Amino acid sequence: MITTDVLIVGGGLVGASFALALASHNQELKICMVESIEAASESQPSFDDRSTVLSKSSANLFADMGLWSHLSNLVAPIQHIHTSEKGQFGMSRLHASEYDVDAMGYVVDNKGLGTQLYAQLKRFTNIQLLSPAKVTSLQVFAESYQAQILELNQQKTQECHARLVVMCDGGRSDLAQVLGLTSQAKHYQQVALIANIELQKNHQGWAYERFAQEGPIAMLPLLSFQGKARSALVWTTSTSSLDERMALSDHDFLTELQAEFGHRLGRFKGVGERAYYPLKIQRSNELVRSRLAVLGNAAHTLHPVAGQGFNLALRGAALLAHNVLANTAKGLDIGALSNLASFAQTQEQDAKRIQAASHGLVSAFSYQATPIRLARNLANMVLDHCPIAKGSFARAAMGLDVHKPTTRLNSVNHS
Ligand SMILES: Cc1cc2nc3c(=O)[nH]c(=O)nc-3n(C[C@H](O)[C@H](O)[C@H](O)COP(=O)(O)OP(=O)(O)OC[C@H]3O[C@@H](n4cnc5c(N)ncnc54)[C@H](O)[C@@H]3O)c2cc1C
């Protein structure tokens, strides 16, 4: 039987980051993380061929956990952001140098990020990692949660008692259903088609977001691989065009992409493996219960148009870690509902704000009426020429306009 302070269900990007946020600040707290897919393997959903834009505030959070020095050589800095709409004259440009920052954000490939997070987990003796293993049931008692954990290689079940359970098990959780954790979801009838694109010329740190008829096309700067310049493509595609685009030869796929995106990045020379993700907006109706908290995609899923899902989740992970560390330092019960309430309230506000902003961006650019199209272009141009509008947009893009629990992680006085 395992007895632990915190049981983390799911070791994806969010579960692993949360474990590190806790352990990097308290090496006494017992943490057990259970991940059903072989740790950081190819088939794990968090660590696939996608890339993630990390905001400045996420970089600060990782620095606060002592991780940024291990991640900084894996990321490509975004020096410039360019947004435009296909067939329209408006565009906007943002430059890191105008905001006195080294970068507007950083792009990292999920596999590299996952490998590094798992390497860091091994540094902490107070983290017990069970993988491949699955939490199959959860039952709450007054003093603890009781979990059944199935170790998949041995087909052996272990019992675990935890003072706090943190659900980081993604947006399609079986356990949430069993626990009656309901959520609201809206499907966009769109998918994000992703692939790495080899470029004729270097991207020079430019990130592009181009609003085409079916949805936005993002091209994000990546570190060169084997001397080849690359950008990560996130192509929002209607479900009806998906099969056709997936079936195209590499040559035809690049020709179609080039026609939609244009030549700002020069000629596209090659395309890596293509994958796709159905898009939805989803929010759990509860973020906390007695002895239970929900983080990451299990709590909120959003359209990747603004690249904010993981950034939002990392802020939530840091906020919850701060809460647990502060209550531990004060000798309070980390699982008591009253002690989790402030986390839930702040995270809910942040999630609502970010979801509304991402959804608003998707809706505004998918509405086809002419005056609205003009207004959109105007807004794009104002963004390029009006320092005030640009300033607030840029701060939001960098994740710097939000409540930051992170800086306080270091300020907790640990016992
Ligand atoms: C195309 C695309 C691009 C994106 N780009 C960005 C971006 O640029 N910036 C950004 O901030 N965000 C981005 N996101 C969002 C980001 O990918 C998600 O926020 C992030 O992956 C959520 O991670 P998670 O750990 O919560 O969930 P998941 O990745 O789903 O991980 C959940 C884990 O839990 C495990 N699990 C499930 N059930 C159990 C169980 N019972 N027992 C044990 N383990 C279990 C699963 O195996 C899995 O490993 C993007 C998303 C998409 C689709």
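Sequence positions, counted from 1, serve as the residue numbers for this chain. All ligand and atom numbering here is 1-based and tracks the order in the structure. Source: prediction; values computed, not measured.
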Is the contact between [X] and ligand 1 made by the side chain, the backbone, both, or neither, using heavy atoms and a 4.0 Å cut-off?
X      : value
Tyr277 : side chain
Ser55  : neither
Ser173 : neither
Ala192 : side chain
Arg50  : side chain

Do ligand 1 and [X] have nitrogen or oxygen atoms that lie under 3.5 Å from each other?
X      : value
Ile194 : no
Pro304 : no
Lys134 : no
Leu295 : no
Leu175 : no
Ile37  : no
Asn311 : yes

Quick check on contacts: which atoms of ligand 1 are under 4.0 angstrom from a heavy atom of [X]?
X     : value
Ser36 : 36 (N), 43 (C), 44 (N), 45 (C), 47 (O)
Val34 : 43 (C), 44 (N)
Leu13 : 25 (O)
Val9  : 40 (C), 42 (N)

Problem set entry | Ring center gap for Tyr208 and His80 short of 6.0 angstrom |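 No.
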
Exercise. Any donor-acceptor pair under 3.5 Å linking the side chain of Asn126 with the backbone of Asn26?
Worked result: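 Yes; at least one donor-acceptor contact below 3.5 Å.
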
Exercise. Can any side-chain N or O of Gln258 pair as donor or acceptor with the backbone N or O of Phe268 at less than 3.5 Å?
Worked result: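 Yes.
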
Problem set entry | Cation-aromatic face contact Arg163/Tyr145, 6.0 Å, 45 degrees |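 The answer is no, since Arg163 fails at least one limit relative to Tyr145.
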
Problem set entry | Side-chain H-bond candidate by donor/acceptor type, Lys280 with Gln282, under 3.5 Å |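 Yes, side-chain donor-acceptor contact under 3.5 Å.
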
Exercise. Do we see a donor-acceptor contact under 3.5 Å between the side chains of Gln190 and His303?
Worked result: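 Yes, His303 and Gln190 have a side-chain donor paired with an acceptor closer than 3.5 Å.
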
For this session: Compare all side-chain heavy atoms of Met246 with those of Arg274 and state whether any distance is below 4.5 angstrom.
Result: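 Sidechains of Arg274 and Met246: in contact.
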
